[in-house]
Amino acid sequence: RRVRIAPGDAVCELEPEEIACVELVGTEIARVPPPAAPPRAAAGATACELRGGWTLTVPGADPVAIDLRHGWEQQGLPEFAGTGTYRCRFDRPAAGADGDRWTLTLPVVECAASAELNGTALGGRGWPPYRFEIPDGLVRDSENELVLHVANSAANRYYAGTRFQNGLQSSGLGAAPVL
């Protein structure tokens with residue numbers, strides 16, 4: 001759809017993934033402030049990065065150890081397109097000011113992710129923020145299992161070896177999840 005915005009018009013709202021061609025009219029264009037930063041942990045709350053012990057499984061292959069600082073395209077899967085399954089086990093971090101209230105944040109995801117903790121689905125996200133509320137009591141004292149299903153772009157597969165490939169697209173997680 002086409003939207004015309006004239007001086008004095010305040011907002012052009014779009015649904016997620018909706019596209020609009022916007023024509024700006026007039027000489028003065030108000031700057032829109034950037035979105036607010038994600039909320040920080042409450043004072044005294046403990047944030048715990050889940051850095052180690054991760055494996056990645058892709059269809060038709062055995063699980064492999066994975067470094068979350070780099071996408072899977074840099075770790076032996078340059079042309080894989082699809083959903084990779086990340087897994088790790090962890091013990092309950094010390095509770096912070098919020099007691100037993102936990103949120104899972106995925107700082108870097110290329111492209112979409114869904115999360116499960118101890119067999120309970122936490123939801124899915126197709127764009128930032130990749131944040132999941134964890135139901136009370138779901139985080140156990142030990143042997144928690146976090147499973148993340150991450151789907152990437154198909155660009156690395158379909159553009160491989162063609163003139164359209166301009167380097168590898170990042171795929172999967174690019175940073176440690178945070179509780």
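Just so it is clear, the model here is predicted, and its values are computed rather than measured.
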Give the minimum heavy-atom separation between [X] and [Y], together with the two atoms involved.
| X | Y | result |
| --- | --- | --- |
| N156 | E73 | ND2-CB, 3.9 Å |
| W102 | R92 | NE1-NH2, 4.2 Å |
| G76 | P78 | C-CD, 3.3 Å |
| V178 | P107 | CG2-CG, 4.2 Å |

Mind checking the [atom1]-[atom2] spacing from [X] to [Y]? Nearest 0.5 Å is all I need.
| X | Y | atom1 | atom2 | result |
| --- | --- | --- | --- | --- |
| L56 | D62 | CG | CG | 12.0 Å |
| E79 | Q165 | CD | CD | 7.5 Å |
| L173 | L50 | CG | CG | 11.0 Å |
| E133 | L138 | CD | CG | 12.5 Å |
| C48 | L104 | SG | CG | 11.0 Å |

Sequence neighbours left out, what passes side chain to side chain donor-acceptor pair (under 3.5 Å) with T85? Give chain and number order.
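Side chain to side chain donor-acceptor pair (under 3.5 Å) check on T85 returns H149.
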Please identify each residue that fulfils side chain to side chain donor-acceptor pair (under 3.5 Å) with R140, with sequence neighbours left out.
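For R140 the side chain to side chain donor-acceptor pair (under 3.5 Å) partners, ignoring immediate neighbours, are N118.
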Got a sec, which residues hit salt bridge (Lys or Arg N to Asp or Glu O under 4.0 Å) with [X], two or more places apart in sequence or on another chain?
| X | answer |
| --- | --- |
| R87 | E145 |
| R125 | none |
| D91 | none |

Would you please classify the geometry between the W54 ring and the Y86 ring as parallel, tilted or perpendicular, with 30° and 60° separating the classes?
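Aromatic pair Y86/W54 classed perpendicular.
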Between [Y] and [X], is there a side-chain heavy-atom distance shorter than 4.5 Å?
| X | Y | value |
| --- | --- | --- |
| I134 | V139 | yes |
| L68 | P177 | yes |
| N152 | Q169 | no |

Evaluate whether atom CG of D136 has more than 12 neighbouring non-hydrogen atoms of other residues, nucleotides or ligands under 6.0 angstrom away.
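Counting other residues, nucleotides and ligands, CG of D136 exceeds 12 neighbours.
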Return the set of residues passing side chain to side chain contact (heavy atoms under 4.5 Å, CB included) with [X] (not counting sequence neighbours), or none when no residue passes.
| X | answer |
| --- | --- |
| A154 | A81, Y158 |
| E110 | V108, S170 |
| P63 | T55, T57 |
| P128 | Y130 |

Return yes if some donor-acceptor pair links the side-chain N/O of N144 with the main-chain N/O of F90 below 3.5 Å, else return no.
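A pair under 3.5 Å: yes.
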Keeping Q75 on the side-chain end and D67 on the backbone end, is there a donor-acceptor pair under 3.5 Å?
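At least one qualifying donor-acceptor pair exists.
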Any pair counted as salt bridge (charged side-chain N to carboxylate O under 4.0 Å, His left out), so long as it reaches residues 49-59, sequence neighbours left out:
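Salt bridge (charged side-chain N to carboxylate O under 4.0 Å, His left out) check on residues 49-59 returns E49-R51.
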Which residue pairs pass the salt bridge (charged side-chain N to carboxylate O under 4.0 Å, His left out) test when at least one of the two sits in residues 161-179, sequence neighbours left out?
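Sorted result for residues 161-179: empty, none.
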Which pairs pass ring-ring contact (aromatic ring centres under 6.0 Å, His included) with one or both residues in residues 57-85, sequence neighbours excluded?
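For residues 57-85: W72-F80.
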Please tell me whether V58 and V109 are part of a single hydrophobic cluster in this structure, the criterion being side-chain heavy atoms less than 4.5 Å apart.
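They do share one cluster, since a chain of ILVMFWY contacts under 4.5 Å joins V58 to V109.
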Is there a side-chain contact (heavy atoms from CB on, under 4.5 Å) between R131 and T103? Walk through the geometry before answering.
CA-CA 7 Å; R131 200 171 296 124; T103 301; 3.3 Å; yes
